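Presented below is the structure to which this report refers.
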Number of protein chains: 2
Amino acid sequence: MMLKYRRIPEETIRRLPIYLRGLLFSSQMGYKKVSSGELSEFVGISSCQIRKDLSYFGEFGKRGVGYDIEKLSREIRKILKLDVVRKAAIVGAGNLGSAVLTYPGFKIYNFDITAAFDADPRKIGKKIRDITVEDVRNIAKLKKRKIDLGIIAVPSADAQKTADELVKAGVKAILNFSPCYITAPKRIKVVTIDIAMDLARLPYYMPVS
Amino acid sequence: MMLKYRRIPEETIRRLPIYLRGLLFSSQMGYKKVSSGELSEFVGISSCQIRKDLSYFGEFGKRGVGYDIEKLSREIRKILKLDVVRKAAIVGAGNLGSAVLTYPGFKIYNFDITAAFDADPRKIGKKIRDITVEDVRNIAKLKKRKIDLGIIAVPSADAQKTADELVKAGVKAILNFSPCYITAPKRIKVVTIDIAMDLARLPYYMPVS
DNA sequence: CTTTGTGAAGTCCTTCACAGCC
DNA sequence: GGCTGTGAAGGACTTCACAAAG
């Protein structure tokens, strides 16, 4: 395995989780191995794209055979650093925040939500799952608790302020559920999830009656 | 306005809703006009990207001045066909389905959810919002009701089957909340929303302690 | 002087096509 | 024969840089 240095496209990283899901699906179908062609069918991405993407990180397949599902899954998890447990804190304990707190996806990817904050005095002290909601003014104290990920589930108007506080508290990445653009230092990865953005472009592709 | 024909990049369409949100924000700040440079600050997309994107559809700005917010918003809504009311139906009336049904974003973009289906006899007949949940076996009857958008909120295992039925019932687009890849004829636009995909790539960008 | 609109240049990403290996 | 891994070619998207307009 030579693996000379090449810049890894952001698009490749975006696709790795899709492959992971395709591999899970394959394994549930009873397969032990898959070829890039078969995986392509399951995930809707061309087989040579799949091979190229994987080639950035090593040689995981056997020519004439394909990929060992178990082994490739493990490799992708390692590439995405999903094998490390990350501590997360959520700000905003309203409907959205509560939904996020109970969403099982976080555990699957090794996120451990260990703190929740809100500005509403009626919510402070309340227990959601096994977490007691704290006063939003105490975010600064997170620094000692070594939180990796900050989750924003507050109204748009407070989103940037919350992001700034999370950055000060030392988070490495931010997951933003508020429908707005957020600025943060370059070293901090910000991902914004906004269903409305996907919704709004659907009609463009729909013929008018 | 010459506007010679050029293929419109998919990426441009993806950004139009973001501009729309930036314009809303500008108008809420009390502005009447914005330059591409100002809008760039609000949405985190370069000013020449913004100008190029808009240039695919016409000349909406005034040189030396910028864009009239009201007018540009209207134009983008028209481009995205957000000015037409679309009828939507949702399949799956569980937690996710109920949440989707009550999500206000649909109304904003002129989607009118007029039907809901579920396979669970205990849910059939129940009322959510102003909609009575129907038996999933009656999806075929949707054809007469001229539904434009089908929303999938069923377990992954049933997603493809549901998609096939929605296609037969004549939908023009599918919004898929199940965490899996779905196939449909090319004329039908499928958008899959899966938070887990965004979650799973976050750790890659986070330095390990 | 400011800001748009846009060809040209540059960058990034995908697909092709095939050598290399099983 | 079948399938991977990859340089080279091709295509798509972004940025540059500036003429044109207010």
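What you are looking at is a predicted structure, and each value in this text was computed from that prediction instead of being measured. Scope of the values below: all heavy atoms of this structure, side chains included, with no hydrogens, waters or symmetry mates. Residue numbering restarts at 1 for every chain, and letters A, B, ... go by the order of the sequence lines.
With sequence neighbours excluded, the residues that form a salt bridge (Lys or Arg N to Asp or Glu O under 4.0 Å) with R201(B) are D198(B). Every salt bridge (Lys or Arg N to Asp or Glu O under 4.0 Å) that R145(B) has, sequence neighbours left out, goes to E134(B). Under the salt bridge (Lys or Arg N to Asp or Glu O under 4.0 Å) criterion, R137(A) pairs with D135(A), not counting sequence neighbours. Applying the side chain to side chain donor-acceptor pair (under 3.5 Å) rule to K52(B) yields no partners; only residues at least two apart in sequence or on another chain are considered. Looking at residues two or more places apart in sequence or on another chain, you find no salt bridge (Lys or Arg N to Asp or Glu O under 4.0 Å) involving R74(B).
Proximity note for K52(A) (side chain, C-beta onward) versus dA8(D), dT6(C), dC13(D): the nearest is dA8(D). Comparing dC3(D), dC13(C), dT4(C) against the side chain of P9(A) picks out dC13(C) as the nearest. Which of dT6(C), dG5(D), dT14(D) sits closest to the side chain of E11(B) comes down to dT14(D). Checking dG5(D), dG5(C), dT3(C) against every side-chain atom of S35(B), the shortest atom distance belongs to dT3(C). Of the listed nucleotides (dT6(C), dC13(D), dT15(D)), dC13(D) has the atom at the smallest distance from the side chain of E10(B). Residue C48(A) has its side chain nearest to dT15(C) when only dT15(D), dT15(C), dG5(D) are considered.
Each of R14(A) and L54(B) has a nearest nucleotide on DNA chain C; the 5'-most of these lies closest to L54(B).
Here the shortest heavy-atom pairing between S178(A) and I152(A) reads OG-CG2, 3.7 Å.
Under 4.0 angstrom from either OP1 or OP2 of dT15(C) there lies at least one side-chain N or O belonging to Q49(A). Phosphate proximity of dC13(C) to R7(A): present, with a side-chain N or O under 4.0 Å from OP1 or OP2. Under 4.0 angstrom from either OP1 or OP2 of dG5(C) there lies at least one side-chain N or O belonging to Y67(B). Proximity of S36(A) to the phosphate of dC3(D): no side-chain N or O atom is located under 4.0 Å from OP1 or OP2.
Atom CD1 in I8(B) sits about 14 Å away from atom P in dT14(D), given to the nearest Å. Counting to the nearest Å, the P atom of dT4(D) and the CG atom of D53(A) are 14 Å from each other. Distance CZ (F57(A)) to P (dT6(D)): 13 Å, rounded to an integer number of Å. Counting to the nearest Å, the P atom of dG5(D) and the CD1 atom of I50(A) are 12 Å from each other. When rounded to the nearest whole Å, the span between CZ of R51(A) and P of dC16(C) equals 11 Å. Here dC21(C) presents its P atom at 19 Å from CZ of F60(A), a figure rounded to the nearest Å. Between the CD atom of E59(A) and the P atom of dC22(C) there is a distance of 10 Å, rounded to whole Å. Across the protein-nucleic acid pair, K71(B) atom NZ and dT4(C) atom C1' stand 12 Å apart, rounded to whole Å.
Within the nucleic acid shown, S47(B) has no heavy atom closer than 4.0 Å to any nucleic acid atom. Within the 4.0 angstrom heavy-atom criterion, no nucleotide atom of any strand lies near T12(A). Residue contacts for R15(B): at a heavy-atom cut-off of 4.0 Å it reaches the sugar-phosphate backbone alone, with no base atom in range.
Residue I174(A) is tested with T162(A), T192(A), V167(A) for a side chain to side chain contact (heavy atoms under 4.5 Å, CB included); the sole match is V167(A).
Look at K172(B) and D148(B) and you find a salt bridge, because one of the NZ, NE, NH1 or NH2 atoms lies within 4.0 Å of a carboxylate O, short of that distance. The pair R14(A)-E11(A) counts as a salt bridge, with a side-chain nitrogen and a carboxylate oxygen less than 4.0 angstrom apart.
Over its length, the helix from dC1(C)-dG22(D) to dC22(C)-dG1(D) turns its helix axis by 0°, as judged from the five terminal pairs at each end, rounded to 10°.
For dG5(D), its base never sits under 3.5 Å from the side chain of K62(A) at any donor and acceptor pair. Contact annotation: side chain of R63(B) to base of dT3(C), donor-acceptor pair absent below 3.5 Å.
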